[in-house]
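Working notes for the structure below.
The figures here come from the full heavy-atom set of this structure, side chains too, leaving out hydrogens, waters and symmetry mates.
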Amino acid sequence: MLKSKTFLGVDFGAGSLKIAEFEPAVGGGLNLLRFIVKPLGLAGSQDAARDGILKKALAEALTEGAFVSRKANISAPGYQVFSKFVKLPPIDASKVTQIIQYEAQQNVPFPLAESAWDYQILGSTSDVGMEVLLVAIKSETVEKLLAAGEGVGLKMEVVDASIAALANAFRYNYEDAQGCSLLIDIGAKTSNVLLFEKNKFYVRTVPVGANTITQEFSVESKTSFAESEKFKIAQGFVSLGGAYEEPDDIRVAAVSKVARNVLTRLHLQVNQTIQFYKTQQGGTSPQRVYLCGGGSVMAYSAEFFFEKLNLPVEYFNPFRRVTIDPSVIPEELEKVASSFGEVVGLALQSIAVCPINLNLMPRSSKDRQAFNTKKPFFVVAAFAAALGVWSAGLFYSQVTGVRNEGASKIAEKVSPLAAVETNLKSEETKIAELKEQVSQLSDYLHERTYWPEILVEVRRILLEAETSSSQKVGVPVGIWVDSFYSTEPVVPLAEAGTEEAPKFMSMNMEMMRRYGLIKGPPQPGEPGGGGPGGPSAEGSAEGAAEGAPRAPKAKAVSTNEVSIINLKIRAVNLQKIKQEANGSLAYALEAVAKASPLFDASETQLSGNLDQVDDTDPSFTFPLKLKLKRPIKL
């Protein structure tokens, strides 16, 4: 911590910037020292203008709020963060990280190399697997937030997602809540719907926010967004509907109707989320509702949701278990307290390990901060190194003369031995050539049986994967090789004018059936199949080779060996038996292949995605790459 022992929580919301300074409370927990809210307007939710607005608002807020600490945890708004719950089948603990990264590659809507992402395992059992919360944000977006903070001297340690910070704040303040609780966070651009039970948590972000009310009222009243927002805050409320008498002021009546229409759309999204939580996540119906976020403070919002959900409604108090410093004005805090859930959740990361522990700070930013921290030590080290060089130079200048004198004496004794050395090197060269010839002949003899060994091993791992998978799902399992080709190193540009594609291993169909790589009797069109006009095995191999992707350019290496064999595996579709059975089958085959004595476990792996198939499809395919521990000499 800094010498002040205080720390900041900074929520970069879409509609407002919220900052609070805390210190550890006596006996544990948090003590609020000071806070501030800076509205960002419509530009705050527009990416083109957001950076400039944030930098200006952040500098003004730190000055006006008289904040002492510059150590901060920050959060990005919900509309900039991707989140998804993923269910994984039961897997070995050593493969959890690998599988989660694979799921992230499949689900995150932008390249992982251009994003900062993290995950939290929410629950795990041996029979049903585990549930994982994936969260990702573009690295460029985070870098802009960090640049804004560093520009005013902030030292940021955690970049959290707003949904995670809000969930941690709720768990901390309402740990005594029984049954299922529904938390509706109405933001400026989006809203978050969160459901909590003792051992369950679910969240969904929906594209409905308070700015929608302002924008629609602005169009209807033909006023600017800023004027409409000011009027909404000052006089707006949610129409109660039914037989209630409308206000005399036409503009007040208009904004109240718009607010009710927008919240009705939000209510539909809330209902859909509750139904999904109950049917897909195994949750129960909520027993109470909490409201939070800047958009929830509009008058009669609580009455609206009570009418629609028929559940008790109250405002979320993120300071329920937080002590308040006497310098804080309670009346001012009460006006905005329900929108500080994310800020409290960020502060909790500085004093405890939270239930949802995420950090979306890119690795490049972590390295840069670490370097800046160590910079003073580098300066001292550079000075010490310069002093050492000067001392060493002085010493060596004194011993140079002694060394030269000794070297000349040694040279006089070594000269007669030069001729003997030349003769010895000539004989050593001849011996090395003979050893190379013997080694080459030995390799040739061994290579004669290597290919059959590989084919027999491929057949063995297919049978072993079939057996283990069949025991798990309780039905027969079929796995066979659909395509079989090798990837050879690329010829140097000086030796070849074009790149070489992966070389298809053209095998006779009868040989492949003999070694168990193809099951069943010969089919029409195959050698021995009896069907006229069918394509030969060699023709199929050529077609597969032509359709295979071209290998990327690589560094010049030997072209006289094969080190990688690519298989296209086809298996019976088990999806109708168990939803995740196809994936489990592929991972089981990968595990058996990695354990093979012929293949390198570090590079033997599934090399692509499983076919997306329906329950009615008889089979599916997936690619498997086998890396030979000992390459095949050609």
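When every heavy atom of Q235 is checked against every heavy atom of V252, the shortest pair comes out as OE1-CG2, 3.5 Å. When all heavy atoms of S162 and G78 are compared, the closest pair comes out as OG-N, 3.5 Å. In plain terms, the two heavy atoms of I356 and A167 that are nearest each other are CD1-CB, 3.8 Å. The two residues V336 and F35 have their closest heavy-atom pair at CG2-CE1, 3.8 Å. Minimum interatomic distance between V297 and G294 (heavy atoms only, all atoms of both residues): CG2-O, 3.1 Å. Shown here for N31 and T323, the closest heavy-atom pair between the two residues is OD1-OG1, 2.9 Å.
You'll find the side chain of V344 stays beyond 4.5 Å of the side chain of N168, heavy atoms only. The shortest distance between side-chain heavy atoms of C292 and F340 does not fall below 4.5 Å. Counting only heavy atoms from C-beta outward, the side chains of L194 and L166 approach each other to under 4.5 Å. Taking 4.5 Å as the limit, every side-chain heavy atom of L358 sits out of range of all side-chain heavy atoms of Y119. Side-chain atoms of L8 and L62, non-hydrogen and from C-beta on, do get closer than 4.5 Å to each other. Looking at heavy atoms from C-beta onward, S584 lies out of side-chain contact with I91 at the 4.5 angstrom threshold. Side-chain atoms of L145 and V10, non-hydrogen and from C-beta on, never get closer than 4.5 Å to each other.
Judged purely by atom type and a 3.5 angstrom limit, N192 has no side-chain atom pairing as donor or acceptor with the backbone of T205. Side-chain N or O atoms of T141 include none that pairs as donor or acceptor with a backbone N or O of I137 at under 3.5 Å. One N or O on the side chain of N73 and one on the backbone of L346 form a donor-acceptor pair closer than 3.5 Å. For N107 (side chain) and E103 (main-chain N/O), a donor-acceptor pair under 3.5 Å exists by modelled atom type. Between the side chain of S218 and the backbone N or O of T214, no donor-acceptor pair lies under 3.5 Å. The closest donor-acceptor contact from the side chain of D611 to the backbone of V613 lies at 3.5 Å or more, if one exists at all. In terms of modelled atom types and a separation under 3.5 Å, the side chain of D118 and the main chain of N359 share a donor-acceptor contact. S228 places a side-chain N or O within donor-acceptor distance of the main-chain N or O of S224, the cut-off being under 3.5 Å. Within the 3.5 Å criterion, the main-chain N or O of K71 finds a donor-acceptor partner in the side chain of S69. In terms of modelled atom types and a separation under 3.5 Å, the side chain of N173 and the main chain of P318 share a donor-acceptor contact.
Separation of atoms OG (S296) and CZ (F305) is listed at 9.0 Å; rounding is to 0.5 Å. Note that CD1 of I184 and OH of Y290 are 12.5 Å apart. Values are rounded to the nearest 0.5 Å. Summarising the geometry, atom CD1 belonging to I250 is positioned 12.0 Å from atom OG belonging to S221; distances are rounded to the nearest 0.5 Å. With values rounded to the nearest 0.5 angstrom, Q80 atom CD is found 10.0 Å from T190 atom OG1. With rounding to the nearest 0.5 angstrom, the CZ atom of F306 is 8.5 Å from the CG atom of L311. The line from CG of N582 to CD of Q612 is 9.5 Å long, rounded to the nearest 0.5 Å.
With sequence neighbours left out, the ring-ring contact (aromatic ring centres under 6.0 Å, His included) criterion links Y102 to no other residue. In this structure A188 satisfies the side chain to side chain contact (heavy atoms under 4.5 Å, CB included) test together with A14, N211, sequence neighbours excluded. Evaluation of the side chain to side chain contact (heavy atoms under 4.5 Å, CB included) rule for A581 yields V473, L574, K578 as partners, not counting sequence neighbours. N271 pairs by the side chain to side chain donor-acceptor pair (under 3.5 Å) definition with H267, not counting sequence neighbours. Contacts of R50 classified as salt bridge (charged side-chain N to carboxylate O under 4.0 Å, His left out), with partners at least two apart in sequence or in another chain: none. Residues that satisfy the salt bridge (charged side-chain N to carboxylate O under 4.0 Å, His left out) test with R34, not counting sequence neighbours, are E21. The side chain to side chain contact (heavy atoms under 4.5 Å, CB included) search around V208 returns V262, L266, not counting sequence neighbours. Legend: residues meeting side chain to side chain contact (heavy atoms under 4.5 Å, CB included) with A259, ordered by chain and number and at least two apart, are I213, V238, M298. Residues meeting the salt bridge (charged side-chain N to carboxylate O under 4.0 Å, His left out) test with K18, sequence neighbours left out: D11. Applying the side chain to side chain donor-acceptor pair (under 3.5 Å) rule to D614 yields no partners; only residues at least two apart in sequence or on another chain are considered. With sequence neighbours excluded, no residue forms a side chain to side chain donor-acceptor pair (under 3.5 Å) with Q120.
In the displayed structure, K308 atom NZ is contacted under 6.0 Å by more than 12 heavy atoms of other residues, nucleotides or ligands. Atom NZ of K138 has 12 or fewer neighbouring heavy atoms from other residues, nucleotides or ligands inside a 6.0 Å radius. Within a 6.0 Å radius of CD in E60, more than 12 heavy atoms belonging to other residues, nucleotides or ligands are found. For CZ of F231, the number of neighbouring non-hydrogen atoms (other residues, nucleotides, ligands) closer than 6.0 Å is greater than 12. With a 6.0 Å radius and a threshold of 12 heavy atoms from other residues, nucleotides or ligands, D248 has its CG atom at or below the threshold. Atom NZ of K257 has 12 or fewer heavy atoms from other residues, nucleotides or ligands within 6.0 Å. The environment of CG in L240 is crowded: more than 12 heavy-atom neighbours from other residues, nucleotides or ligands sit within 6.0 Å.
Under the 6.0 Å distance and 45° angle rule, R321 counts as a cation-pi partner of Y172. Judged by the 6.0 Å and 45° rule, R320 forms a cation-pi pair with Y174.
Pairs of residues two or more places apart, or lying in two chains, that qualify as salt bridge (Lys or Arg N to Asp or Glu O under 4.0 Å) and include a residue from residues 206-229 are E216-R265, E229-K232.
Screening E246, E303, E307 against R260 for a salt bridge (Lys or Arg N to Asp or Glu O under 4.0 Å) leaves a single residue, E307. Evaluated for a side-chain hydrogen bond (donor to acceptor under 3.5 Å, both in side chains) with Q281, the options E131, E197, K200 yield exactly one hit, E131.
A salt bridge between E140 and K144 is present, with a side-chain N of the basic residue lying under 4.0 Å from a carboxylate O of the acidic one. By the 4.0 Å N-to-carboxylate-O rule, E314 lies too far from R288 to be salt-bridged with it.
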Checklist entry - Can you list the steps and then say if L291 with F316 is a side-chain contact (heavy atoms from CB on, under 4.5 Å)? => result CA-CA 6 Å; L291 297 181; F316 169 51; over 6 Å; no
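T284 and K278 form no side-chain donor-acceptor contact under 3.5 Å, judged by distance and modelled atom types alone.
Between F196 and Y202, the distance from one ring center to the other does not fall under 6.0 angstrom.
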